[in-house]
2 protein chains.
Amino acid sequence: MRLTVLIRPKAGILDPQGEAVQASLATLGFAVARARVGRLVDLEVEADDADAARAEVERMCAELLANPLIESFEVVLEDA
Amino acid sequence: MRLTVLIRPKAGILDPQGEAVQASLATLGFAVARARVGRLVDLEVEADDADAARAEVERMCAELLANPLIESFEVVLEDA
(Lines give C-alpha, C1' and ligand atoms only; values in the text may rest on other atoms or scores of the structure.)
Protein backbone atom coordinates (compact mmCIF):
# COMPACT_ATOMS: atom_id res chain seq x y z
CA MET A 1 0.00 0.00 0.00
CA ARG A 2 1.13 3.50 -0.76
CA LEU A 3 0.98 6.06 2.03
CA THR A 4 2.29 9.57 2.36
CA VAL A 5 3.49 11.09 5.60
CA LEU A 6 3.20 14.87 5.86
CA ILE A 7 5.58 16.29 8.46
CA ARG A 8 5.26 19.90 9.55
CA PRO A 9 6.92 22.11 12.15
CA LYS A 10 4.51 22.48 15.08
CA ALA A 11 2.77 25.80 15.61
CA GLY A 12 5.02 28.11 17.58
CA ILE A 13 8.21 26.34 16.49
CA LEU A 14 10.62 28.62 14.66
CA ASP A 15 10.83 27.78 10.94
CA PRO A 16 13.76 29.67 9.41
CA GLN A 17 13.35 27.83 6.08
CA GLY A 18 9.73 29.01 5.88
CA GLU A 19 10.80 32.56 6.71
CA ALA A 20 13.40 32.45 3.96
CA VAL A 21 10.80 31.19 1.47
CA GLN A 22 8.37 33.92 2.50
CA ALA A 23 11.06 36.61 2.12
CA SER A 24 12.13 35.26 -1.28
CA LEU A 25 8.53 35.14 -2.50
CA ALA A 26 8.06 38.74 -1.35
CA THR A 27 11.17 39.75 -3.28
CA LEU A 28 9.66 38.16 -6.38
CA GLY A 29 6.46 40.18 -5.87
CA PHE A 30 4.23 37.50 -4.37
CA ALA A 31 2.07 38.51 -1.40
CA VAL A 32 2.29 35.63 1.05
CA ALA A 33 1.10 36.10 4.63
CA ARG A 34 2.76 32.96 5.89
CA ALA A 35 5.01 30.18 4.62
CA ARG A 36 6.01 27.06 6.55
CA VAL A 37 8.22 24.35 5.15
CA GLY A 38 7.91 20.70 6.09
CA ARG A 39 8.68 17.45 4.38
CA LEU A 40 6.84 14.49 3.00
CA VAL A 41 7.73 10.82 2.76
CA ASP A 42 6.07 8.53 0.23
CA LEU A 43 6.12 4.94 1.44
CA GLU A 44 5.17 1.62 -0.03
CA VAL A 45 4.48 -0.86 2.75
CA GLU A 46 3.21 -4.41 2.98
CA ALA A 47 0.10 -4.65 5.15
CA ASP A 48 -3.11 -6.67 5.33
CA ASP A 49 -5.41 -3.67 5.30
CA ALA A 50 -5.50 0.09 5.43
CA ASP A 51 -5.74 0.27 9.23
CA ALA A 52 -2.71 -1.99 9.66
CA ALA A 53 -0.73 0.04 7.12
CA ARG A 54 -1.61 3.29 8.85
CA ALA A 55 -0.65 1.91 12.27
CA GLU A 56 2.67 0.64 10.90
CA VAL A 57 3.49 4.01 9.35
CA GLU A 58 2.58 5.79 12.59
CA ARG A 59 5.12 3.58 14.36
CA MET A 60 7.71 4.54 11.70
CA CYS A 61 6.98 8.21 12.40
CA ALA A 62 7.40 7.76 16.14
CA GLU A 63 10.66 5.82 15.75
CA LEU A 64 12.37 7.57 12.84
CA LEU A 65 10.53 9.88 10.50
CA ALA A 66 9.34 12.73 12.69
CA ASN A 67 10.70 14.53 15.73
CA PRO A 68 7.69 14.64 18.09
CA LEU A 69 9.19 17.53 20.08
CA ILE A 70 9.01 19.99 17.22
CA GLU A 71 7.06 18.31 14.42
CA SER A 72 3.55 17.04 13.85
CA PHE A 73 2.75 14.39 11.27
CA GLU A 74 -0.23 13.25 9.28
CA VAL A 75 -0.54 9.91 7.52
CA VAL A 76 -2.48 9.86 4.24
CA LEU A 77 -3.46 6.61 2.52
CA GLU A 78 -2.87 7.04 -1.21
CA ASP A 79 -4.35 3.74 -2.41
CA ALA A 80 -4.77 0.10 -1.47
CA MET B 1 -6.46 31.17 1.54
CA ARG B 2 -4.36 28.31 2.80
CA LEU B 3 -2.71 26.04 0.25
CA THR B 4 -0.15 23.30 0.50
CA VAL B 5 2.42 22.53 -2.16
CA LEU B 6 3.66 18.94 -2.26
CA ILE B 7 7.03 18.67 -3.99
CA ARG B 8 8.41 15.26 -4.90
CA PRO B 9 11.46 13.98 -6.76
CA LYS B 10 10.33 12.91 -10.24
CA ALA B 11 10.20 9.21 -11.07
CA GLY B 12 13.63 8.05 -12.15
CA ILE B 13 15.45 10.81 -10.29
CA LEU B 14 17.90 9.48 -7.71
CA ASP B 15 16.67 10.15 -4.16
CA PRO B 16 19.51 9.39 -1.72
CA GLN B 17 17.49 10.74 1.21
CA GLY B 18 14.69 8.29 0.43
CA GLU B 19 17.19 5.44 0.14
CA ALA B 20 18.65 6.37 3.53
CA VAL B 21 15.16 6.43 5.08
CA GLN B 22 14.34 3.05 3.55
CA ALA B 23 17.60 1.53 4.84
CA SER B 24 17.06 2.98 8.33
CA LEU B 25 13.49 1.68 8.44
CA ALA B 26 14.74 -1.77 7.41
CA THR B 27 17.31 -1.64 10.22
CA LEU B 28 14.48 -0.92 12.65
CA GLY B 29 12.57 -3.95 11.35
CA PHE B 30 10.04 -2.21 9.12
CA ALA B 31 9.38 -3.78 5.71
CA VAL B 32 9.22 -0.90 3.26
CA ALA B 33 9.38 -1.57 -0.47
CA ARG B 34 10.03 2.04 -1.37
CA ALA B 35 10.61 5.39 0.34
CA ARG B 36 10.88 8.73 -1.41
CA VAL B 37 11.41 12.01 0.41
CA GLY B 38 10.04 15.32 -0.79
CA ARG B 39 9.01 18.51 0.89
CA LEU B 40 5.87 20.49 1.50
CA VAL B 41 5.22 24.20 1.76
CA ASP B 42 2.17 25.55 3.58
CA LEU B 43 1.23 28.97 2.22
CA GLU B 44 -1.29 31.61 3.17
CA VAL B 45 -2.02 33.80 0.16
CA GLU B 46 -4.38 36.63 -0.63
CA ALA B 47 -6.60 35.82 -3.61
CA ASP B 48 -10.13 36.48 -4.83
CA ASP B 49 -11.05 32.86 -5.29
CA ALA B 50 -9.68 29.35 -5.24
CA ASP B 51 -8.72 29.32 -8.92
CA ALA B 52 -6.76 32.56 -8.57
CA ALA B 53 -4.99 31.27 -5.46
CA ARG B 54 -4.05 28.03 -7.18
CA ALA B 55 -2.73 29.87 -10.25
CA GLU B 56 -0.68 32.21 -8.05
CA VAL B 57 0.87 29.30 -6.14
CA GLU B 58 1.66 27.49 -9.39
CA ARG B 59 3.59 30.58 -10.48
CA MET B 60 5.46 30.52 -7.13
CA CYS B 61 6.38 26.89 -7.79
CA ALA B 62 7.67 27.67 -11.26
CA GLU B 63 9.69 30.67 -10.06
CA LEU B 64 11.02 29.54 -6.70
CA LEU B 65 9.58 26.56 -4.86
CA ALA B 66 10.25 23.61 -7.15
CA ASN B 67 13.00 22.63 -9.54
CA PRO B 68 11.09 21.54 -12.66
CA LEU B 69 14.06 19.54 -13.95
CA ILE B 70 14.00 17.02 -11.14
CA GLU B 71 10.84 17.69 -9.13
CA SER B 72 7.11 17.53 -9.67
CA PHE B 73 4.66 19.53 -7.60
CA GLU B 74 1.02 19.35 -6.64
CA VAL B 75 -1.01 22.25 -5.22
CA VAL B 76 -3.69 21.36 -2.66
CA LEU B 77 -6.27 23.90 -1.49
CA GLU B 78 -6.68 23.48 2.28
CA ASP B 79 -9.55 25.91 2.79
CA ALA B 80 -11.04 29.17 1.59
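Only this structure's heavy atoms are used, side chains among them; waters, hydrogens and symmetry mates stay out. A, B, ... follow the sequence lines: proteins, then strands. Residue 1 opens every chain.
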### Largest heavy-atom contact set with chain B, pairs under 4.5 Å, which of A/Val45, A/Val21, A/Val32, A/Val57
A/Val32
#### Entry: Hydrophobic cluster identity match, B/Leu6 and B/Val75, side-chain contacts under 4.5 Å
no
### Query
Does a sphere of radius 6.0 Å around CG in B/Asp49 hold more than 12 heavy atoms from other residues, nucleotides or ligands, not counting ones at 6.0 Å or beyond?
yes
### Summary
Looking only at B/Glu44, B/Gln22, B/Gln17, most heavy-atom pairs under 4.5 Å shared with chain A are made by B/Glu44
### Query
What part of B/Arg59 lies closer than 4.5 angstrom to a heavy atom of chain A: side chain, backbone, both or neither?
both
### Message
Below 4.5 Å, heavy-atom pairs only: which of A/Glu63, A/Glu46, A/Met60 has the largest tally toward chain B?
### Response
A/Met60
#### Entry: B/Leu25 side, atom CG; A/Glu56 side, atom CD - distance, nearest 0.5 Å
9.5 Å
### Contacts with chain B made by residues 33-43 of chain A (heavy-atom distance under 4.5 Å), listed by residue number
A/Ala33, A/Arg34, A/Ala35, A/Arg36, A/Val37, A/Gly38, A/Arg39, A/Leu40, A/Val41, A/Asp42, A/Leu43
### Query
If two hydrophobic side chains count as joined below 4.5 Å and joins carry through other members, does B/Val76 share a cluster with B/Leu65?
no
#### Entry: B/Ile7, part contacting chain A, at a heavy-atom distance under 4.5 Å
backbone
### Query
Would a hydrophobic clustering, with Ile, Leu, Val, Met, Phe, Trp and Tyr connected at side-chain separations under 4.5 Å, put B/Leu69 with B/Ile13?
yes
